[in-house]
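One structure is given below, encoded as structure tokens.
Keep in mind that this is a model prediction, so the values were computed, not measured. Here is the naming used below: chain letters follow the sequence lines, and residue numbers restart at 1 for every chain.
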Amino acid sequence: MGNCQDSCKNFWCGPKNTNVRISLPAICFIWQIAMIALFAIFVRYDPEADAHWTEYMHQNNITSNIENDFYYRYPSFQDVHVMIFMGFGLLFTFLKRYSFGGVGFNFLISAFGLQWALLMQGWFHSLDSTDWTIKIGMKSLINADFCVAGCLIAFGACLGKVSPIQLMVMTLCGVSLFAVEEYVILNLIHAKDTGGSMVIHTFGGYYGLTISWILYRPNLHQSKRLRGSSYHSDVFAMIGTLFLWVHWPSFNSAIGNHGDGQHRAVINTYLSLAASVLTTFAVSSLSAKRGKLSMVHIQNATLAGGVAMGTAAEIMVSPYSALVVGVCSGIISTFGFVVLTPFMEKHMKIQDTCGIHNLHAMPGVLGGAVGAVTAAFASTSVYGQEGLMHAIMHGFVDRTMGMQAAHQAAGLCIAIISGIGGGAVVGVCCILRLPCWGDPEDENCFDDEVYWELPEDEESVPPVNQYNGQKADKQTDV
Amino acid sequence: MGNCQDSCKNFWCGPKNTNVRISLPAICFIWQIAMIALFAIFVRYDPEADAHWTEYMHQNNITSNIENDFYYRYPSFQDVHVMIFMGFGLLFTFLKRYSFGGVGFNFLISAFGLQWALLMQGWFHSLDSTDWTIKIGMKSLINADFCVAGCLIAFGACLGKVSPIQLMVMTLCGVSLFAVEEYVILNLIHAKDTGGSMVIHTFGGYYGLTISWILYRPNLHQSKRLRGSSYHSDVFAMIGTLFLWVHWPSFNSAIGNHGDGQHRAVINTYLSLAASVLTTFAVSSLSAKRGKLSMVHIQNATLAGGVAMGTAAEIMVSPYSALVVGVCSGIISTFGFVVLTPFMEKHMKIQDTCGIHNLHAMPGVLGGAVGAVTAAFASTSVYGQEGLMHAIMHGFVDRTMGMQAAHQAAGLCIAIISGIGGGAVVGVCCILRLPCWGDPEDENCFDDEVYWELPEDEESVPPVNQYNGQKADKQTDV
Amino acid sequence: MGNCQDSCKNFWCGPKNTNVRISLPAICFIWQIAMIALFAIFVRYDPEADAHWTEYMHQNNITSNIENDFYYRYPSFQDVHVMIFMGFGLLFTFLKRYSFGGVGFNFLISAFGLQWALLMQGWFHSLDSTDWTIKIGMKSLINADFCVAGCLIAFGACLGKVSPIQLMVMTLCGVSLFAVEEYVILNLIHAKDTGGSMVIHTFGGYYGLTISWILYRPNLHQSKRLRGSSYHSDVFAMIGTLFLWVHWPSFNSAIGNHGDGQHRAVINTYLSLAASVLTTFAVSSLSAKRGKLSMVHIQNATLAGGVAMGTAAEIMVSPYSALVVGVCSGIISTFGFVVLTPFMEKHMKIQDTCGIHNLHAMPGVLGGAVGAVTAAFASTSVYGQEGLMHAIMHGFVDRTMGMQAAHQAAGLCIAIISGIGGGAVVGVCCILRLPCWGDPEDENCFDDEVYWELPEDEESVPPVNQYNGQKADKQTDV
């Protein structure tokens, strides 16, 4: 009885207990059963994925199976899927001793979040009012992956400092908030945001930064020894970067309009990304003693071009403007790593492990601004009447381009506000600081030891000198 | 002369000789020349890959190049190809000192097996009776990759304990057996098995386990020091896992019906996989002291949802059922790693290096059972008349759903029997235990040293430490 | 003032100075700004990526968005993109201490080169004479990636011995030369080269070898300790190999003819690659003491089948011939690694870090020869009248097959000559040997230390205990 009392006390206010043997399985099982129940009630196949498809084709004068949306979107979906699970996952392995946590927890919360995203986005965007069901198809899966991306960005800010339980709570709330802000920006305001600069990156970035601010650890320097990379963990992270970089054109075009829309989104993103690589290398070299390049910059800021091209991906910005966007985002992002991240940690109590402010938040805001500006300058001479409606206006014949630009700007503001506000609410109301969530002590942050069974020999072993040939040679003489 | 006699004696009954300098090149060259001869006699391009395609289009009223099966299946094929060579290959790198062997031998036997698979499957499934040729196209390549997958599963059970020669013999026989059981299950019994739960995973699993049982090594504990992972080899293996996980929807849909069939297979697999991730994390945490997660579970059991969804991938199981399948398979699979694998090794003389019983055999059987049950409950109200024929019945108008379910169950039994029986025949008749095959001694299992030239510094560095548990322990005492 | 003079003197003739803090950013920024200006003047969207697409469809009687070239080529493009950035990048990580440089500089020069390639190839191949603009679409992006591939091959020969500045100069000139030789071979001579055996691999190979010969370092043995792999760097490189191997069918089919052309190119490449894996393993084992396999061979020679199938990818060579091509290329390539590379380094002053002569130059020449031979034997009985025009003749009704074969052979010669000549001109005229380019001293070759900030614990080593914080802290105090 007394033991039980003690347990309860410890559970709420005791010293940090990182044993998640009860809490993690409990939340996984309860949540998964809830998902099954809700899916049974609400979720059905889209007509294009339903066995009645042949009849549907006849009714809608579709002459070939190849017109099934599956064939328009599946290759892009697969690329996005790779980005979420492999791109983000491997990018998070850069810490020398948190690779398991980076890739593993990324796996857990993505698989967890996408189920909830299918429901939330379904309720908000595509609830069939005749039978109150959600019809899921290829586009729903892509959108669920997008929604999860927002939460993974937030994970990046907190990497190594939170428990899997906290991450699942963050993801649960993040997905819910995401669905709402996305609904407001895309369906109410009718802003354009094909690649999610605003909806995904800006929101996710500020959501994560706010939570990281709330969970500020004044004594984080106690785990300073683990807060760096090792030679091979940097290569692993670089694989993640390349997955993201290579597939980003698919990310920005995956839910684009069929035909020229997806085609143009790919071209714009391809160019913007290429430009941001060059400026990242330039600024990285410029900012270091003896011009030495920093892997942190190369792993992250090279991707800023993709983020910043998100909103305007489908817009006729013209190829050279895509390069300009890439140039600016690469500079801003690398500059952020050099100057802002240390500043924010020192003076603003924001400990941003992966530098998501530089990779997602700032380039996301830039992308939103680019979207507003390019919308303002759109014209029928560039687009054609039909193309303009299709690409930007969502069929609003009565909107002027200036109005559309204003709506884009409004969308950006909403993304920022939702991110900060949502992060604050989640951080405070979910009382994420309570010790019951199983997060590690300050001196055990960034350590896989806390939540993972590690291979034995690596710990005990002195790996004397893997990379120092001469010394090794001497040693073998002994 | 006497020397020669000795050599011969050693060849057949002497101590194990792992020198494969003659035998490996010999088998590769002989086999490859045989392949060239057989391809010259039998293999031609499919009409859709033949230069007469334009004429073929006119004759068959095909109006556009995009109707070429290539565009329906190529993206899925590429994903499957990635799974076979990168997914399986990297998953097999998890051992600290057998990464070369894992990824390298996987490469060898896959490239070897797929050529033979094209012939065997061609003879059984698509021999053109007018000119006795096999016409290969996109679907043949996918099926060849599938066939190889079955043999790679068997490799998983024997990883580190067999020579490349033995692997090639296993693969040669495995592909032959595969083509036969596949012919019986799909073409004679007309069971449905889009993603191969029965044909690939159940067969491959039991085939490998039986061979592993025949090759039982009572003194395998002598190489215990190498039978574990290192921190970075676990991350490499995790990359393999993610490749498999992300592309599994392509695996289950690659040879599905055009249109709604492929679309639905992707949705079902996507959901099932997501659910199995959650239950894997849950059971893994529940089963360990202090709730610490095990990389072995995360690397393997998270994939069980894909295996178990194979047979029923195209069936209208409805999204929530896909989640249920994922939940069950994740639990079963993780449970297998925690309880069954040690039990089988101790009491049943089955040394299953990669735990394929948990990842492939059991979830495969589950998948076969799900296929039978869902077939039994199929109805025209859910599918529409046309859809039902298309998705399940293979055009058998006179079959009741109960009959189809019985045929599914029969297919599952045949897969299990072929796996065990085939493994026994191959293991015994090929006398895989003879020393002539070049397999390593018990104390050299799981060691790349045996078949690979290793980087110098890794060797010369007194690996006193890195790979030798006992000495390392002493060192840390100092 | 004197200081400035000294600087200038050092800049041109002093000892090697690897500080690129001014030069690298300068070249990146200047170049990127030039690109923006040129793109603004010349580059527009292709009609299929332009917002007027719907009107274009009406004008050209295109009935569906799926007929947009995007859907024919995007999956292949993504695979090619993965090959360039991840395949080549990771293949270059094989050196124990140059993984950052391998993957990082590959990233830099690819992103740099593809922008210039879009312009150069546009000017030569697709300049619209009405308004002097280049219209870029999916095919342009693929061709730009191809062009970059040629320069990455050259990078392989110089890996570890050059500065990023030199690489950018090499790439700039390489892309320019590439566009010219490609124009001559494909547009003037009208040779067929779908997968670029001649245009990409032969040219790139000889271009790189010539530069490597000009930059010969007699004292390179001083950095011998770093010119090898480590266990994990070999696995990283193997991931790169697998990316290349798996996606090579896309490389050879990406710009193929719609329909049967792309389909056939995939089948031929798939078979050729499989065969070269077997012969690589065979020759590798045959050439080593005790038959041990060499990772260098497996990482490289297994890909030769793809290179050698490039020119003839779309040709009706028949499946067994594809196997023969793979067999020969695997043997030649592995033989090259065993015999030729050491010979060339010792007697011909060519230091070929990655062995590109074996992987690209020789199999490329073989591929060109295969193309000429197969063109000579093409006939209307095999192709049909329409197919023959389509697949080989480029619509030249008056060419005999013998003439086409001669043109193919001429194309091959031009590729070789352009490579060697171009390399000589670039090497000598750009005076790449001057110390101003920032290349490392002989004893610092193959060392990331020179251009990269490395993780602390790896440098300061003794990383006595990479994962044991407390002890490490104590040690650093010492």
Side-chain angles (χ1 to χ4, degrees), chain A residues 66-67 71-72 75 79 96-97 225-226 228-232 234-235 238 242 245-246 250 258-260 262-264 267 270 274-275 277-279 281-282 285-286 288 290-295 298 316 319-320 323-324 327 382-384 386-387 391 458-459 462-470, chain C residues 19-21 24-25 28-29 32 35-36 39-40 43 45 48-55 64-66 68 70 74-75 78 81-82 85-86 89 93 96-97 99-100 103-104 107-108 111-112 114-115 136 138 141 225 232 236 451-453 455-456 458 461-467 469 472-473:
Chain A
I66 199 88
E67 292 286 341
Y71 300 103
Y72 284 94
D79 293 346
K96 75 180 87 165
R97 186 66 166 173
R225 74 198 182 283
L226 295 171
S229 59
S230 72
Y231 195 68
H232 282 148
D234 263 333
V235 181
M238 195 65 203
L242 290 174
W245 197 91
V246 162
S250 296
H258 289 175
D260 64 299
Q262 289 192 291
H263 201 150
R264 193 162 56 250
I267 296 173
Y270 176 92
V277 172
L278 260 83
T279 48
F281 271 85
S285 177
L286 204 56
R290 295 191 52 76
K292 289 196 185 182
L293 297 160
S294 158
M295 257 294 164
I298 310 304
M316 291 282 290
Y320 84 94
L323 291 178
V324 173
V327 164
V382 172
Y383 287 82
E386 212 173 334
E458 298 278 340
E459 282 177 294
V464 178
N465 25 24
Q466 224 161 344
Y467 300 112
N468 201 324
Q470 292 158 316
Chain C
N19 187 335
V20 294
R21 190 170 181 181
L24 182 61
C28 284
F29 275 121
Q32 191 59 62
M35 284 296 101
I36 290 171
F39 268 64
V43 182
Y45 298 112
E48 306 202 65
D50 193 282
H52 292 87
W53 160 250
T54 327
E55 295 159 31
S64 164
N65 274 317
I66 198 89
N68 193 306
F70 181 76
Y74 189 61
Q78 270 294 314
H81 215 42
V82 166
F85 288 88
M86 308 195 69
T93 60
K96 75 181 87 165
R97 188 66 166 172
S99 300
F100 288 9
V103 69
F107 197 14
L108 172 64
F112 169 81
L114 63 85
Q115 299 178 43
I136 60 169
M138 199 41 59
L141 304 195
R225 73 194 183 286
H232 282 148
F236 281 120
Y451 302 112
W452 297 86
E453 286 177 1
E456 275 180 29
E458 300 276 342
V461 178
V464 172
N465 24 25
Q466 224 163 344
Y467 302 114
D473 287 344

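- Taking every heavy atom of both residues into account, C:Val20 and A:Gly291 meet most closely at CG2-O, 3.8 Å.
- Your options are A:Tyr270, A:Tyr71, A:Tyr320, and the one with the most heavy-atom pairs under 4.5 Å with chain C is A:Tyr270.
- In this structure, CG in A:Leu242 is found 5.5 Å from CZ in C:Phe107, a value given to the nearest 0.5 Å.
- Aromatic ring centroids of A:His232 and C:Phe236 lie under 6.0 Å apart.
- Closest approach of C:Ser99 and A:Tyr231 over heavy atoms only: N-OH, 2.9 Å.
- Here the shortest heavy-atom pairing between C:Glu453 and A:Ser294 reads OE1-CB, 3.9 Å.
- Remark: side-chain polar atoms of C:Tyr45 are not paired, donor with acceptor, to backbone N or O of A:His263 under 3.5 angstrom.
- In this structure, A:His258 contributes its side chain and C:Ile66 its backbone to no donor-acceptor pair below 3.5 Å.
- Heavy-atom pairs under 4.5 Å with chain A were tallied for C:Thr93, C:Leu24, C:Leu114; the largest tally goes to C:Leu114.
- Side-chain rings of C:His81 and A:Trp245 approach one another, their centers coming within less than 6.0 Å.
- When heavy atoms are compared at a cutoff of 4.5 Å, A:Val324 approaches chain C by way of both its backbone and its side chain.
- Between C:Asn68 and A:Gly259, the closest heavy-atom pair is ND2-C, 3.5 Å.
- Heavy-atom distances place both the backbone and the side chain of C:Glu48 under 4.5 Å from chain A.
- A side-chain donor-acceptor contact under 3.5 Å links C:Arg21 to the backbone of A:Ala288.
- The structure places CZ of C:Phe112 at 7.0 Å from CG of A:Leu278, a figure rounded to the nearest 0.5 Å.
- A cation-pi arrangement is absent between A:Arg264 and C:Phe70, since the terminal nitrogen or guanidinium carbon is not both under 6.0 Å from the aromatic centre and inside a 45° cone about the axis.
- Pairing each heavy atom of C:Pro25 with each of A:Ser285, the nearest pair is CD-OG, 3.8 Å.
- Contact between C:Ala51 and A:Met316 at its shortest, heavy atoms only, is N-SD, 3.4 Å.
- Note that CG of C:Asn65 and CG of A:Asp260 are 7.5 Å apart. Values are rounded to the nearest 0.5 Å.
- Taken from CD in C:Glu55 to OH in A:Tyr383, the straight-line distance is 14.0 Å, to the nearest 0.5 Å.
- Per-residue heavy-atom pair counts under 4.5 Å with chain C were compared for A:Met238, A:Glu67, A:Met295, and the maximum is reached by A:Met295.
- With respect to chain A, the highest number of heavy-atom pairs below 4.5 Å among C:Cys28, C:Pro75, C:Gly104 belongs to C:Cys28.
- Here A:Ile298 contributes atom CD1 and C:Trp452 contributes atom CH2; the two are 5.0 Å apart, rounded to the nearest 0.5 Å.
- To the nearest 0.5 angstrom, A:Phe281 atom CZ is 4.5 Å from C:Leu108 atom CG.
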